[in-house]
Structure formats: C-alpha cells, structure tokens
Novice: 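Handing you a structure now.
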Number of protein chains: 2
Amino acid sequence: MSLLVALSQWDAETWRVRFKTALPKHDIVVLGEPFDRRAVHYVASWKHPAGALDGLPNLATIFSLGAGVDHLFADSRLPNVPIARIVDPDLTTRMSEYIILHCLLALRQHRRYAAQQLIRSWDDDRNQPAAKDVRVGLLGLGVLGLDAASRTGHNGASFRTFAAAEQLPEFLAHTDILVCLLPLTDGTRGLLNLDLFRQLPRDGRLGGPVLINAARGGIQVENDIMTALDEGSLQSATLDVFETEPLPQDSPLWNHPRVTVTPHNAAMSEPTAIVAAIANQIARIEAGYPLENSVHAARGY
Amino acid sequence: MSLLVALSQWDAETWRVRFKTALPKHDIVVLGEPFDRRAVHYVASWKHPAGALDGLPNLATIFSLGAGVDHLFADSRLPNVPIARIVDPDLTTRMSEYIILHCLLALRQHRRYAAQQLIRSWDDDRNQPAAKDVRVGLLGLGVLGLDAASRTGHNGASFRTFAAAEQLPEFLAHTDILVCLLPLTDGTRGLLNLDLFRQLPRDGRLGGPVLINAARGGIQVENDIMTALDEGSLQSATLDVFETEPLPQDSPLWNHPRVTVTPHNAAMSEPTAIVAAIANQIARIEAGYPLENSVHAARGY
C-alpha cells in the first residue's frame, strides 16, 4: 500500500523522508514522479493541485497536513473518501499562546506603553482595566477554540460564545475582544465584515472593539477592517491571516498604527508531530479502528 | 480608636474618605493635621516620612498600602509593632498577567515580528521554539511568584526555582527567562548584577537570556544590565521597576532597542480593594483573631 504525498508549495522530498521513517512498511510516493495509482490507499495533502487526486481507484483516506481543510475543498474534483485533519497538542498550545498574548497586549495597553517609552514618558495610569472587566468573545469552539477559551478563563478574563446564529447579535453586543478561530466554509466566508464590526460595543474598557483573527483570511473583509478602524467600530486588529498570502506589499494593513500583522504563524506544528499523527491514524485504520478527527464534507470542516 | 493615614506621595484626603467609608466607627486621621496621638491604634502607610510614627504609645499594627514593605523599613525609627502587607487577588492576577505577557512576548518573538511588519516583510520562520523548549526561572516564590508560576505552568512552559542559596548557580545555568518577584531586602539589594547575568546560558532557544524584573528597582544594577545587553549575557530586558523612579530622562534604558520599560504599573491594585483588605484585618484583630499577611521584621519581608 502506498501513501501519496501531494503538495504544491512545500518540499516533497523532505516529507517523503519523514513519512518513510514513520511508515517503513509502506511505499511513499510523491506527485510528479511515476507511481502505481492503483496502489495508493492514502493521500497526505497540503494544497495539492486541483484534479491531482483523480484516478486513484483504491484511495481510502485523505489526510490534511494541517488543522485546516479548506485547501482540500478548493479542489472541486476532490475524491469522495473520508478526510481527516491534524489535531496536534503542540499546534493547539501555540494557538492558545497567540490568542492569550494578543488579548493581554490589548488588555495591558502595550501599544500605549511602547509609544510612551519612545518619548521617555512615565505615565502609570492608575485606572487600568482588570481582566474581569473585559469580555472576550470567541467565534469557533472547535479543538483550538475550546483550548484558548479554557486558558483565557484560567487567566481571569470572562469569555462568551453562542450556540445558534440568532444569538450572534447579542453575543456581539457584549464582546470587547472578538477572537476568530472558525474554519473557512461557505458559511463563514466574509463573516468578519463592517456590518458585524458595527454590532460590537464601543463603550467597553479597552476604548473600542479589538479583533483577533488567527483562522483564515477568507473569513475577513480587509477593506471593511480598514473602514472600521477609521470610523471607530474597531479600535485595533491583530491579523495572522489574510485574503491573499503573503500579504501584498501594497496592503494598507502593513502600516496602520493600530494593526498587528503576523505572517500566518500563530500556530505552526512540527512536521515530525504531523507525520506521527498520520502514521498513528494509518496504524489505527489497518488495525480496524475508526478514523479520528474526521471532516464532514457536507459542512466543510 | 484611630487609624492614622501616613503618606508622603498620594492624596491623603482621598484615602481618608475611603477608610471612613470602610471603618465608620473608627476615627480616621491623617499626617499633618492635629490629632490625639494616644488614640492611634493603627497606621496605614505608603512611604511615610521617616520618624513620622514616633510617639504613638498605643500603636498596635502598621499596614502597608501595597504588597511591598521595603518603604517601611526605610524608616530607621519604625516602631517595633506587628506589620501587615496587602495580599489582594486583583493585584496578584495583574502581576501574573504581566509576567505571562512578557514571557509570551519573548517566546513568540514579538519584537522581531513588529520589526518585520515595519518593513512589510513576510517571513514566517517555521522553526519557532515551543513553550516546552523554554525554561522560565522564577526568583521569589511568595504569593505573587507562586501564582505566576502556576499560571505559566498552565500555559505550557516549564519553570524552575530553588530552595537554598547554594542552588542558585545551577538554577541560573538552566534559566532562559529570569523572572524576579523578590522582595527588596538587605539580602536581595543589587542581586541582579553582571556576575549573575553571566551565569545564565546563552545557548537557549530564545537567542540569549531574558530578564523580567517586576519586583523592586533596588534589586537590579542598571549599569550592569546595559553591559550585559551589550556583551550578550542578556538578550533582552523587561523592567517595570528602576533604581530611581520615575526613571530619569537621561537613562540609556529608555531607548535601548532590546529593553522594554513600563512605569511601575505591572500590578496596580484598586484602592477600594486595599481599604477593604485593611478594614477586614482590623475587624479580625478586634474580634480576637490573629493578624494575616504579617511581615517578619528580621528578614525584611
């Protein structure tokens, strides 16, 4: 049985070596070289070219090499087989670090104190908000969102979420820091737009709503973020993801004084952990156990 | 029975009103006005002038209006009566926030990504350290240190401390981020000096040792911090406290590219919480219970 490594950006040879080490009894083949298509039972994909998985008659499972699977559904000819995504404790921890770091930067007014340091100003401001005065609203309560919520709670902030779409307005009306960890689907594309930002309260303790998006750039409308920052419906934004990545050189987000840009590295995972998770799944499947962390194709995540 | 509010910097009238609200059956008097010195059973002090507590024959307890008591021992004529400091959950939470924030800023290379953003550089660096690869060493395991350690542990980092002075070299040799939450005493004055910094390992995952001091400025030697930053025995420093406060305008710390200066506001407490804690102590004393959070004069904290 073969595992096909199907990539468009990363170095396939490096991944072949990693998989060969973890799965010594399997053939590891990569897109672009000749291989027996009937022998391929598994695909490990990161943004494979559309159609590249055609003609694999014995394909049983597709593994995403990341936590997101929107790159798979971008292939309209994706074979109709079970799909699994990566759930890795290391990746989850890094994402929670990122969320906590950027919530604390907002809470503790880091931008203000960095600006004060530049002008040698000693202004301690004895009226700082406490964590309990700031409401963190989390969009997306999957593995990543639940971990971030749990850890944010440990650190004293209150966090809120909502269960049904009709609760969204009330959720937004009580959110000072809006954290997005949603998957990108037809239902979430463009969700973070001006209409939504205008539903956030401007009278919270942080001087205006704060947006943190560490999910997918397709969920945000960047023109609307700029408008919201200028009109005050957003006070600041921390973005790890963008409509186009790398973020184009002419994007006004780069040098907006209240925007933090990070290069889609909120939660990287070590390749060895990814490969170990997939090898473990294959061992489970071949021992007769069900697939874990499977994706519902109909809902898109 | 009277409570004497003994301040040198803060507004005494504001504190008188707060104490009168919390202790309606007690007389509240302030330094500088005439009062019956024999009626004073309690003093609430923040940096009272040396000698100001002479001639209080019935003084039973001195309360510090902050977590630190070094300001009391700066008065060589301090009456020999029980002393209590403030232990306030809100102050403790804020201190832990500060420690976690500045540990995460170092771990997640915030200074680097902020610099990249300024030059519109998209460099994600797929080799970021994980929290588990970074060793946080905490000097000072009192109420604040234990809370910070507990919460840092929740967030995935390993932390270390030591129990006896002879363990300090081994402790330092395995510390990537050195966090100081010690009290200022004769034993800790000037402890954070070049000799100590040179015992920190330079080969950790953060590119060099990181210092975070949120305790007291008297514990650090600022000339040595500058030397250590220049020679590489410190990679960066986050300082909330300074030998002289406010930090003098001509201090080279203000504009060192790897120093973060905050204006001694890592952990402010709300005055109402401080007053409530002292009123609660007085009620306990008058009901016959022992003083809580008492200070050992001989050890200085």
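Within every chain, numbering begins at 1; the chains are lettered A, B, ... in the order of the sequence lines, protein sequences first and strands thereafter.
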Novice: Could you look at B/P248 and say if it's the side chain, the backbone, both or neither that has a heavy atom under 4.5 Å from chain A?
Specialist: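 Neither part.
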Novice: Mind checking the CD-CD1 spacing from B/E97 to A/I100? Nearest 0.5 Å is all I need.
Specialist: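 Between B/E97 CD and A/I100 CD1, I get 11.5 Å after rounding to 0.5 Å.
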Novice: Only one of B/N255, B/L253, B/L247, B/V261 forms a side-chain contact (heavy atoms from CB on, under 4.5 Å) with A/Q117, so which one is it?
Specialist: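 Single side-chain contact (heavy atoms from CB on, under 4.5 Å) partner of A/Q117 among B/N255, B/L253, B/L247, B/V261: B/V261.
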Novice: Between A/P89 and chain B, with a heavy-atom cut-off of 4.5 Å, which part of the residue counts as in contact: side chain, backbone, both or neither?
Specialist: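 A/P89 has no heavy atom closer than 4.5 Å to chain B.
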Novice: Show the nearest heavy-atom pair for residues B/R108 and A/A266, with the distance to one decimal.
Specialist: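 That would be NH2-O, 2.6 Å.
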Novice: With chain A, which of B/A114, B/S96, B/S121 has the greatest number of heavy-atom pairs at distances under 4.5 Å?
Specialist: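 The option with the most such pairs is B/S121.
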Novice: Please list, chain by chain and in numerical order, all residues satisfying ring-ring contact (aromatic ring centres under 6.0 Å, His included) with A/Y98, sequence neighbours excluded.
Specialist: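 Counting only residues at least two positions away or on another chain, A/Y98 forms a ring-ring contact (aromatic ring centres under 6.0 Å, His included) with A/H102.
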Novice: Distance from B/T262 atom OG1 to A/Q109 atom CD, nearest 0.5 Å?
Specialist: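 It comes to 12.0 Å.
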Novice: Tell me, side chain or backbone of B/D90 under 4.5 Å from chain A's heavy atoms, or both, or neither?
Specialist: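 For B/D90, the contact with chain A is made by the side chain alone.
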Novice: Looking at A/Q128 and B/M268, what are the two nearest heavy atoms and their distance?
Specialist: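 Looks like NE2-SD, 4.1 Å.
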Novice: Could you walk me through whether B/L105 and A/L104 satisfy the side-chain contact (heavy atoms from CB on, under 4.5 Å) test, starting with their C-alpha distance in whole Å, then the side-chain angles of each, then the deciding distance to 0.1 Å, before giving a yes or no?
Specialist: CA-CA 10 Å; B/L105 285 169; A/L104 284 174; over 6 Å; no
Novice: Identify which part of B/R120 has an atom lying under 4.5 Å from any heavy atom of chain A, answering side chain, backbone, both or neither.
Specialist: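 B/R120 touches chain A through backbone and side-chain heavy atoms alike.
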Novice: Quick check: closest heavy atoms across A/R94 and B/P129, and the distance to 0.1 Å?
Specialist: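 Heavy-atom minimum between the residues: NH1-O, 3.7 Å.
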Novice: Measure B/S251 against the heavy atoms of chain A and call it side chain, backbone, both or neither at under 4.5 Å.
Specialist: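 For B/S251, backbone heavy atoms alone lie under 4.5 Å from chain A.
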Novice: A/P246 and B/W122: which non-hydrogen atoms are nearest, and at how many Å?
Specialist: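 Nearest heavy atoms, A/P246 then B/W122: CB-CG, 3.4 Å.
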Novice: Under 3.5 Å, is there a donor-acceptor pair between the side chain of A/D124 and the main chain of B/N265?
Specialist: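 The answer is no, because no donor-acceptor pair under 3.5 Å joins these two groups.
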